[in-house]
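As a basis for the values below, the full set of heavy atoms in this structure was taken, side chains included, without hydrogen atoms, waters or symmetry mates. The structure presented is a predicted model; accordingly, all values stated were derived computationally and were not measured.
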Amino acid sequence: MQNRGNQKVKTRRSDRLIDMTRFLLERPHTLISLTYFAERYESAKSSISEDLAIVKRTFKNRGIGILETIPGAAGGARFIPSISEEECRDFIESMTTEMSEQDRLLPGGYVYLSDLLGRPDVLRQVGRVIARQYLDKQIDAVMTVATKGVPIAQSVSSYLNVPFVILRRDSKITEGSTVSVNYVSGSSERIEKMELSKRSLKRGSHVLVVDDFMKGGGTVNGMKSMIEEFESELVGITVFAEATFEGHRMIDEYTSLLKVDKVNALDKTIHVSAGNYLEKVFGNQ
């Protein structure tokens, strides 16, 4: 309702739809009761139900996500973010083009990604794309290792509406008591250490691991070991990009959005193609 002097004027449907859409988008995976919306807009539940039907249809047609409507006294609406196959393919194609630009190749076969992963538009899409794969999975936390995986984990966690936890290679006094694991670097075969605050992850959590770049899989394997230390369950592993690796990769089951498949060290050029994400999520279509 809007106030005009001492007179209350009912909220127009167009205004209500805009505010309701914003409210749902900001609270993914959260059940909002019809009663709450009815009181918020001082409208009948029947009107709210009609509004939700419009939002649900629009979300589906535009590939924004799924709006679950749950009937009954304890029912309501829950928004589950998603992204259409077409938008996924367009985004991954655009990233392969940008990552194939000259001079991205770094010593050791790594690829410069900081400019891409520093862009809000790219991070938003990365979060949507990765979250899309785990629509029907229970996830309690998103895990990554400092530092370049942090923005990806933050984006994914915002779409899944769960906390993200950061493993560090050196302990900070502000972390309190920590759990540490040793792991073998997949590319250099050196023994490394990573640590996680005991307060960061609850025992028995279902954890999604994300990272920016993977070669031999040593770092990701270290995160897998940390999850086991917390008596938790690994739900999945998704990386923004993987590199072709000639040795034995320590991780077999994973998803990648992009793949660096050709490297020319002489002129510092690389060729990037789509990873296995599209095949895993949408199949061979």
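For E87 and Q125, the side-chain atoms include at least one donor-acceptor pair closer than 3.5 Å. There is a side-chain donor-acceptor pair under 3.5 Å between K45 and T35. Side-chain contact of Y41 with S47: a donor-acceptor pair under 3.5 Å is absent, judged by distance alone.
When all heavy atoms of D211 and G149 are compared, the closest pair comes out as OD1-CA, 3.9 Å. Of all heavy-atom pairs spanning R203 and S232, the tightest one is C-OG, 4.0 Å. Residues P28 and Y159 share a closest heavy-atom pair of CB-O, 3.7 Å. Of all non-hydrogen atoms in G217 and M250, the two that sit nearest each other are O-CB, 4.1 Å.
With Y36 as the aromatic partner, R40 does not meet the cation-pi criteria of under 6.0 angstrom to the ring centre and within 45 degrees of the ring axis.
Here the side chains of E242 and R249 are in contact, with some heavy-atom distance below 4.5 Å. Counting heavy atoms from C-beta outward, H206 and K137 have side chains that stay 4.5 Å or more apart. C88 has its side chain out of reach of V281: every pair of non-hydrogen atoms, C-beta onward, lies at least 4.5 Å apart.
One finds a salt bridge joining E253 and K280 here, because a Lys/Arg side-chain nitrogen approaches an Asp/Glu carboxylate oxygen to under 4.0 Å. Using a cutoff of 4.0 Å between basic side-chain nitrogens and carboxylate oxygens, E98 and R119 are scored as salt-bridged. A salt bridge does not link R124 to D121: none of the charged side-chain nitrogens sits closer than 4.0 Å to a carboxylate oxygen. Using a 4.0 Å cut-off between charged side-chain N and carboxylate O, R89 and E85 make a salt bridge. Ionic pairing of R16 and D51 is present here: one or more N-O contacts between side-chain nitrogen and carboxylate oxygen are shorter than 4.0 angstrom.
When the side chains of ILVMFWY residues are joined at heavy-atom separations under 4.5 Å, either directly or via intervening members, I66 and L25 end up in two distinct hydrophobic clusters.
For R22, the CZ atom counts as densely surrounded, since its 6.0 Å shell holds more than 12 non-hydrogen atoms of other residues, nucleotides or ligands.
With hydrogens and angles ignored, the 3.5 Å screen pairs no side-chain donor or acceptor of S205 with any backbone N or O of D140. Between the side chain of R128 and the backbone N or O of S82, at least one donor-acceptor pair lies under 3.5 Å. With hydrogens and angles ignored, the 3.5 Å screen pairs a side-chain donor or acceptor of Y277 with a backbone N or O of V129.
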